[in-house]
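Both counts, for ligands and for their atoms, begin at 1 and track the order of listing.
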Amino acid sequence: MKSCIDALKQRFTVHNLATATDPEALLREVGPEIRGIAGGKVSAALLEKLPKLEIIAVSGVGYDSVDAAAVKARNIRLTNTPGVLTDAVAELTIGMMIALSRRIPQGDRFIRDRKWLDGAFGNWSELKGKTLGILGLGRIGKEIANLAAALKMHVVYHGRTEQKGAPYPYFENVVAMARASDWLVVIAPGNASTTGIISREVLEALGPKGVLVNMARGNMVDQDALVEMLVSKQLGGAALDVFDKEPAVPDALLDLDNVVLSPHQGSRTEETRAAVGDMVVANLTAHFAGKPLISAIF
Ligand code: A2R
């Protein structure tokens, strides 16, 4: 992020709302002159304070933190950073799955708590031979599928439409896919069409031996049902990088051994955040030079 801000400062006058001691005062002072936004949350209320805004360059692939309808209504351009974070998110997804199936964080705690001296840690489960259902076989979903296939998993997928040429069985119905899956990875965009898509019914279909992996957005899962079913062992486990009201995480999850938790780290590597920052800068630079945008949503 620092290198992104430095690069922006070489090209533009930059005001940092995120670190401002009095954001409202800063907005009153400079809001009327702001022409571009890099990253961050953009509400309709914020837009009203930025009458000259021309472009918002989101630093990530999901743009659910932006009121896209209000942005479009003002003819403001919107960009994201697709592709450059695909490998990092896919890598962490598989990492979380191995961590949970082999109980890696729990094993680490077991040694630190000096419990090994009293007896063995136990036998867990492996990914090989299991069926992985992917909700959202997009850029990231396809890379997760590649890595899972290399681990000898059977991949199936669900999306709104079947993808001709995808070498995996397609499920038109997410409940049916959950029933057929040992693992279910959620990696679709967070928007009105996906809010609550992992309902109690989907979790019931996944069942006491099934595991949910959410790498997308917390509000795509019925979190109350998830927690309740994990506690009562109606669901086998969960590997979660995102939460409904993050950074708040339900207390009940903290005491469970059938979960692995991660603080929204999907794209958070030095390499990937630098590449994301470069794309944000490239989009803003292109816009203000009157050139085509690198990755326009609209
Ligand atoms: O539905 P399709 O066939 O267009 O497939 C897209 C799928 N998708 C959905 N699947 C089920 N129900 C929906 N309502 C729905 N809406 C979209 O999600 C597609 O296969 C996938 C998204 O792929 P990409 O656009 O290539 O996104 P990418 O780069 O893989 O990132 C996915 C998401 C981001 O939006 C972040 O929220 C998250 O991963 O980190």
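Looking at ligand 1, you'll find an N or O of Arg160 within less than 3.5 Å of one of its N or O atoms. Considering backbone and side-chain atoms alike, Thr194 places every N or O at 3.5 Å or more from each N or O of ligand 1. Below 3.5 Å of separation, one finds no N or O of Asn191 facing any N or O of ligand 1. At under 3.5 Å, a nitrogen or oxygen of Arg139, whether backbone or side chain, sits near a nitrogen or oxygen of ligand 1.
Counting heavy atoms under 4.0 Å from ligand 1, residue Ile197 touches it through the side chain alone.
Of all protein heavy atoms, the one closest to atom 10 (N) of ligand 1 is Gly159 CA, 3.6 Å. For atom 35 (O) of ligand 1, the closest non-hydrogen atom on the protein side is Pro189 CA, 3.3 Å. Of the protein's heavy atoms, Ser193 OG, 2.9 Å lies nearest to atom 14 (N) of ligand 1. Counting protein heavy atoms only, atom 34 (C) of ligand 1 is closest to Val61 CG1, 3.4 Å. Of the protein's non-hydrogen atoms, Ile187 O, 3.6 Å is the one closest to atom 32 (C) of ligand 1. When only non-hydrogen protein atoms are considered, atom 40 (O) of ligand 1 lies nearest to Met215 O, 3.8 Å.
In this structure a side-chain-to-backbone donor-acceptor pair under 3.5 Å is present from Ser43 to Leu46. In terms of modelled atom types and a separation under 3.5 Å, the side chain of Lys142 and the main chain of Leu137 share a donor-acceptor contact. Asp182 contributes no side-chain N or O that, together with a main-chain N or O of Lys130, makes up a donor-acceptor pair within less than 3.5 Å.
Using a 4.5 Å heavy-atom threshold, the side chains of Val58 and Leu78 count as touching.
Across the listed options Ala166, Ala192, Gly136, Ala216, Gly136 owns the non-hydrogen atom lying nearest to atom 7 (C) of ligand 1. Around atom 30 (O) of ligand 1, the closest heavy atom drawn from Asp241, Val89, Ile140, Asn214 belongs to Ile140.
Residues Val260 and Pro105 share a closest heavy-atom pair of CG2-CG, 4.0 Å.
Using a 4.0 angstrom heavy-atom cutoff, Leu137 counts as in contact with ligand 1.
Relative to the six-membered ring of Phe110, Lys115 misses at least one condition, a distance below 6.0 Å or an angle of at most 45° to the axis.
With salt bridges taken as basic N to acidic carboxylate O contacts below 4.0 Å, none links Glu54 and Arg77. Ion pairing between Asp257 and Arg109 holds under the 4.0 Å rule for side-chain N and carboxylate O.
In this structure, Tyr157 has its ring center no closer than 6.0 Å to that of Phe171.
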